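Below is one structure, written out as structure tokens; comments come after it.
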Amino acid sequence: MSKIAPISGFPELLPAEQVAFNHALNIISSTYQSFGFIPLDTPAVERVDTLLAKGAEEKEIYGLRRIQAEDEGAKELALRFDLTVPLARYVAQHYGQLNFPFRRYHIGPVWRGERPQKGRYRQFYQADIDVIGDGTLDLYHDAELPAIIYQIFTKLELGKFTIRLNNRKVLQGFMAQQGVEGTENIAAAMRVIDDLEKMPREKVLAQLSTLMSADNADHTLNFFAQSHDNQAWLTELEKIAENDVFKQGVAELQAVVGALYTLGVPDDAFKVDPAIARGLGYYTGTIYETVLHDYPELGSVCSGGRYDNLAEKFTNKPLPGVGISIGISRLLLPLLEADKVPLHGATMAKVLVTVQEREALPAYFELATILREAGIATEMFLEPKKLPKQLKYADKKGFQYIIFANADELAAGNVQLKNLHTGEQQEIAKADLVESLK
RNA sequence: GCGGGCGUAGCUCAGUGGUAGAGCAUCAGGUUGUGGCUCUGAGGGUCGGGGGUUCAAUUCCCCUCGUCCGCCCCA
């Protein structure tokens, strides 16, 4: 019984679910491509020191070693835990051969040795998209990425969603004005604000009070607890910004919002939200989080931001970038499990060609070939089973059409084409088959 | 790393100190040119593993492994 069991944190899907999952992957990759991003696929494995350059915790990385290796010195290679570090390494390594701004997307699994639970896995898929500049990178890119994300989530049809938008300089500048000093303390204060929604008021105040005066803590809490629409937030921030960092952050945020409108993103699809901070330390400007209205328990399913210097650990070249990552596994796996994602069959083919006359197999093969050459995915039923069995197979797997023909029909150059969704059936000439299936 | 729940058929689960059941799924047939519906029948279990108590353990106890959920952190 326990001979075969699921491996905790390494999810796998049933055929119909996998088809739905890949459908979503296709939406994502085709939308990325429509904006001119090239697909990149770096190895699953990186050198350990490359992975640790970003300051990842060693314990969460899966090392690689041969089972038969004699020594324990297997610390050289490890599985990637995200797609950003490999990108940094890649850009630094191939700097001379790349064109900048370098635009790539990368969809693939990453591995983390954490305790699995709902929406949290040891192997999970991410769909990253980044633009890397050579020395400089225009702020318009900060708006193009969420515009792409807007299109993707619209096409995914998972209900209403909001792309939350902020700029780290706003938070930094604000905290500095409250008397918080040093990057460590400012980062700590930002984290507290990031948790504002989840924590009780007293706890927030207590934590802020360790970083600033009680009056300022009170003021900070009240400021970030405000509720405004996009324009009102921008006005509010502009009004109180005093130091240069704060002012620059507000200016950048205003520019990004303006560009989003230009790119056709409607006002209700995004929300200026000064309270989001993002956990990762390397973001320096614009930051994003995306939440689904119908599934807030999933948390942020798509996050990212601007970083001043992507590959500083690998090269002296200053390479600013901006990127977003869709957490595909976190997004889709819980929804698939809860039957919230519509399934459309367990086949990639549209048509099943049944076989009634075994001795006429070449004629059936020819039918399948005609359809495939016309770009219609077609499967043939090759087992020697009776027609009802073949129909049942087609029904269960969710084929839209089946074709069948007896010896007489084959001789006359005709076939029966049946739509399994509607039950309609017609006898048509072989030559008209492709046309009626388009 | 810490805390809690659960391991019985392929799946979802009942059950009992005297070596097991349902539904779904699978297979065959009713139906030799038509799927979904229905009827009949069949196959499939060392009751997660190890130890203990007992005449007897799937059931009670201990350990262990696995898995799920929460905390931390994140996608």
Side-chain angles (χ1 to χ4, degrees), chain A residues 1-11 14 28 54-57 59-61 80-84 106-129 149 191 194-195 198-199 276-281 283 288-292 295 297-305 323-334 337 345 352 354-358 381 383-410 414-427:
Chain A
M1 174 55 205
S2 59
K3 269 183 191 167
I4 47 167
I7 303 175
S8 183
F10 292 82
L14 291 170
I28 294 168
K54 202 174 95 175
E57 286 188 58
K59 65 173 184 178
E60 75 175 14
I61 297 177
R80 65 188 177 210
F81 60 88
D82 74 4
L83 300 175
T84 305
H106 189 168
I107 298 175
V110 301
W111 295 267
R112 292 184 198 175
E114 295 175 6
R115 181 82 76 216
Q117 51 193 264
K118 204 165 206 64
R120 178 179 176 176
Y121 311 95
R122 285 173 164 168
Q123 172 178 313
F124 55 96
Y125 279 77
Q126 292 193 309
D128 279 30
I129 181 169
I149 294 301
R191 296 192 66 111
D194 198 37
D195 284 339
K198 308 179 221 166
M199 276 200 297
I276 66 164
R278 295 271 74 227
L280 294 173
Y283 294 121
Y288 321 94
E289 287 188 359
T290 307
V291 289
L292 300 181
Y295 313 102
E297 68 277 10
L298 296 178
S300 177
V301 293
C302 171
S303 319
I324 296 192
S325 174
I326 304 176
I328 309 177
S329 296
R330 165 167 288 185
L331 172 67
L332 290 178
L333 264 34
E337 196 179 345
L352 179 72
T354 62
V355 175
Q356 271 183 97
E357 316 283 348
R358 294 293 287 181
F381 195 93
E383 288 297 302
K385 295 255 176 79
K386 293 171 184 170
L387 191 59
K389 298 292 179 200
Q390 302 191 36
L391 268 159
K392 196 168 182 176
Y393 172 85
D395 182 50
K396 292 210 160 190
K397 281 187 73 168
F399 284 92
Q400 190 178 353
Y401 293 98
I402 61 158
I403 288 170
F404 60 99
N406 59 25
D408 291 344
E409 284 156 349
L410 285 175
N414 291 339
V415 298
Q416 298 288 338
L417 176 65
K418 178 164 184 167
N419 183 329
L420 288 175
H421 294 357
T422 64
E424 287 171 32
Q425 181 178 332
Q426 56 173 329
E427 179 168 345

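Proteins get letters first, then strands, A, B, ... in listed order; numbering begins at 1 in each. Quick caveat: nothing in here was measured; it's all calculated off a predicted structure.
Aromatic stacking is not marked for Y393(A) over rG35(B), as the cut-offs of 5.5 Å for the centres and 30° for the planes do not both hold.
Among the nucleotides rC73(B), rU34(B), rG70(B), the one closest to any side-chain atom of R115(A) is rG70(B). Distances from the side chain of R330(A) to the nucleotides rA75(B), rA28(B), rC69(B) place rA75(B) closest. Side chain of R120(A), nearest nucleotide from rG35(B), rC73(B), rU34(B): rC73(B).
Using a 4.0 Å heavy-atom cutoff across all strands shown, T354(A) reaches no nucleic acid atom at all. Looking at heavy-atom distances under 4.0 Å, Q123(A) makes no contact with the nucleic acid at all. Note on K389(A): only backbone sugar-phosphate atoms sit closer than 4.0 angstrom, heavy atoms only; bases stay farther off. Using a 4.0 Å heavy-atom distance criterion, Q416(A) is classed as a base contact. Across all strands shown, S325(A) has no heavy atoms under 4.0 Å from either base or sugar-phosphate atoms. In this structure, G423(A) reaches the bases: a heavy-atom distance under 4.0 Å links it to at least one base atom across the strands shown. Contact annotation for L352(A): no contact, since no heavy-atom pair falls under 4.0 Å across all strands.
Put simply, the side chain of N414(A) never gets that close to the backbone of E427(A): no donor and acceptor are under 3.5 Å apart. For R330(A) (side chain) and G119(A) (main-chain N/O), a donor-acceptor pair under 3.5 Å exists by modelled atom type.
Across the C1' atoms, rG45(B) and rA20(B) are found 9 Å apart, a figure rounded to whole Å. Between rG43(B) and rU38(B), the distance separating the two P atoms is 23 Å to the nearest Å. Spacing between rC13(B) and rG50(B) at atom P, rounded to whole Å, works out to 25 Å.
The partner of rA42(B) is rU26(B), judged by Watson-Crick or G-U wobble contacts that both fall below 3.5 Å. Pairing of rG35(B), defined by two Watson-Crick or G-U wobble distances under 3.5 Å, is not identified with any nucleotide. Within the shown strands, nothing qualifies as a pairing partner of rC72(B) under the Watson-Crick or G-U definition with both distances less than 3.5 Å. In this entry rC55(B) has rG18(B) as its Watson-Crick or G-U wobble partner, both defining distances falling under 3.5 Å.
For D82(A) and rC73(B), the CG to P distance is 19 Å, given to the nearest whole Å. Rounded to whole angstrom, the span from the CD atom of Q117(A) across to the P atom of rC72(B) amounts to 10 Å.
The nearest pair of heavy atoms linking I276(A) to D194(A) is CA-OD1, 3.5 Å.
Side-chain contact check for Y283(A) versus Y288(A): every heavy-atom pair is 4.5 Å or farther apart.
Checked by distance alone, Q425(A) brings a side-chain donor or acceptor within 3.5 Å of a matching partner on the base of rU34(B).
Between S8(A) and rC68(B) there is a side-chain polar atom (N or O) within less than 4.0 angstrom of OP1 or OP2. Phosphate contact (OP1/OP2 of rU26(B), side-chain N/O of K396(A), threshold under 4.0 Å): present. Within the structure, a side-chain polar atom (N or O) of K118(A) is placed less than 4.0 Å from OP1 or OP2 of rC69(B). Not one side-chain nitrogen or oxygen of R191(A) sits closer than 4.0 Å to the OP1 or OP2 atom of rC72(B).
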